[in-house]
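Protein chains get the first letters and strands the later ones, always in sequence-line order, with residue 1 at the start of each.
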2 protein chains.
Amino acid sequence: MTTSKVYIETFWQIHRMIEEAGLQPGDRLPSERELADRLRVGRSSVREALRALELLGLIETRRGEGTFMKPFGDHQLIQLLGSFILQGNREKRDLIETKIFIERICLQLACERLTDEKLELISQTEHTYNSFFRRIVEATDNYLLLRIWLVLNDFFEHVYTLTLPSEFYEQMWMALQKRLCEEATAIYEQYVMQKMSKEN
Amino acid sequence: MTTSKVYIETFWQIHRMIEEAGLQPGDRLPSERELADRLRVGRSSVREALRALELLGLIETRRGEGTFMKPFGDHQLIQLLGSFILQGNREKRDLIETKIFIERICLQLACERLTDEKLELISQTEHTYNSFFRRIVEATDNYLLLRIWLVLNDFFEHVYTLTLPSEFYEQMWMALQKRLCEEATAIYEQYVMQKMSKEN
DNA sequence: GAAGTTAAGTGGTCAGACCAGTGGCTGCTT
DNA sequence: AAGCAGCCACTGGTCTGACCACTTAACTTC
């Protein structure tokens, strides 16, 4: 066979290289020429692989300086996705539905595991949906859920902007403070789900 | 300034070209050489732009034939994103916890939306956990949830192999057939969650 | 010591070459 | 006329070498 394309192979090799070297955000990768040399491929193949990594938001290239690891979170990919893929109603429905389910899980988990420190943090967080709910998801103490939520939220931002009255944040905080999980869920359903279902 | 990179410009130009020409899935794009000629850029820049479009799932390249529009829907992007999101410090606990939550959601959704066709499909599916539950997730009719579950399951397989007695599959199918959502959830909790919590 | 200059290294881009598939055309055989 | 084999033009895939624009650091000069 050997029909697998070089730039795909190269993509995964660079990816593995990053993992094995344990590169952190800000760290520098070898230069394109060195990568091409080390991996025994042409520089153009290395570049095509790097483009993919760049699009995924893992790396960032600075002309004259080099290629650097990027902090997780700012994937410009999501922006592109928004304009390309989330056009259909079906995709939007899936997105909203999934986001709501994940958020309800997170809310419940957070309520159970909320520490006093995290509670204090939430009280100091500005009253925008993204900031506020991010704190909640962080309070679940489940990194995987956080990552999933971050991506869903990025997608979501390209479809809607959710603004809620300040009562929502106040009531939610009260419920969380008292660890009333059912009440917190009820508030979520009352404010968020109602608003979302209207939009559809 | 005019420092914007050529391959980015090219990316948008090709995108506009696709829109203006009203290209449909299956249609062919101009060859790389012709694009380079028409847009007055080098072929390598065209290729880097095409790689981005390919990653977004908009086009597909076939050696010897050309570049073609791809049908919407199979955005492998989400798949790719998923595998990147879920890498790194994926704690076993986080993984199992998240997977269980997602599966409970899917089970409930599937139970509500199960069509007779899907039910028939499930009955014909082999009694392994992956095959069986994949059918259930597919029955949710939510593509995004399916993607998330597939990735979670991929990682889970590296940690653990879940084998359940045939009673599980029989009882679950009975519950689904009668659309008894609570009972299905109860069966899930009885067999799967119990087994998982033991392992931890 | 500070300012300016130079050189090496890096990503960005291009042109040209060759390879490896694909598909259509031609011309031969039957 | 039908079918087949072979040729050839075209496509994406890859490599190379060359230049440009830019950054950094070492070096020179004052």
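Nucleotide C:dC14 holds its C1' atom 15 Å from the CG atom of B:Leu39, rounded to whole Å. Atom pair B:Ile14:CD1 and D:dG12:C1' shows a separation of 14 Å (rounding to whole Å applied). A straight line from CZ of A:Phe11 to P of D:dG13 spans 16 Å, rounded to a whole angstrom. Nucleotide C:dG11 holds its P atom 9 Å from the CG atom of A:Leu29, rounded to whole Å. Spacing between atom CZ of B:Arg62 and atom C1' of C:dG23 amounts to 13 Å, rounded to whole angstrom units. When rounded to the nearest whole Å, the span between CD of A:Glu48 and C1' of C:dT13 equals 14 Å. What separates CD of B:Glu32 from C1' of D:dC10 is a distance of 12 Å, to the nearest Å. Put simply, CZ on B:Arg28 is 11 Å from P on C:dG23, counting in whole angstrom units.
Taking the six-membered ring for Trp, A:Tyr160 and A:Phe156 have ring centres closer than 6.0 Å.
A salt bridge links B:Glu60 to B:Arg62: one of the charged nitrogens lies within less than 4.0 Å of a carboxylate oxygen. Between A:Glu20 and A:Arg16, at least one side-chain nitrogen of the basic residue sits less than 4.0 Å from a carboxylate oxygen of the acidic one, meeting the salt-bridge criterion.
Residue B:Arg47 places at least one side-chain N or O closer than 4.0 Å to OP1 or OP2 of D:dG13. Note on A:Thr67: a side-chain N or O is less than 4.0 Å away from OP1 or OP2 of C:dG11. Between C:dG12 and B:Ser45, no contact under 4.0 Å exists linking OP1 or OP2 to a side-chain N or O. Residue B:Ser44 has no polar side-chain atom (N or O) positioned under 4.0 Å from OP1 or OP2 of C:dA15.
In this structure A:Thr128 satisfies the side-chain hydrogen bond (donor to acceptor under 3.5 Å, both in side chains) test together with A:Ser131, sequence neighbours excluded. Partners of A:Asp141 under the salt bridge (Lys or Arg N to Asp or Glu O under 4.0 Å) rule, at least two apart in sequence or in another chain, do not exist in this structure.
Among the heavy atoms of the strands lying under 4.0 Å from B:Gly64 is at least one base atom, whether or not backbone atoms are also near.
Between the side chain of B:Arg33 and the base of D:dG12 there is at least one donor-acceptor pair of N/O atoms closer than 3.5 Å. Counting distance only, with no hydrogens placed and no angle test, the side-chain atoms of A:Arg43 and the base atoms of D:dG17 include no donor-acceptor pair under 3.5 Å.
Closest contact between the side chain of B:Tyr7 and the listed nucleotides C:dT13, C:dT22, D:dC15 involves C:dT13. The B:Arg63 side chain lies nearest to C:dG21 when the options are D:dA21, C:dT13, C:dG21. When the nucleotides D:dT11, D:dT14, C:dT13 are ranked by their closest atom to the side chain of A:Val6, D:dT14 comes out on top. Listed nucleotides C:dC14, C:dG11, D:dG13 differ in distance to B:Arg51; the shortest reach to its side chain belongs to D:dG13.
Mapped onto DNA chain D by nearest heavy atom, A:Ile8 and A:Glu65 fall at different nucleotides, with A:Ile8 at the one closer to the 5' end.
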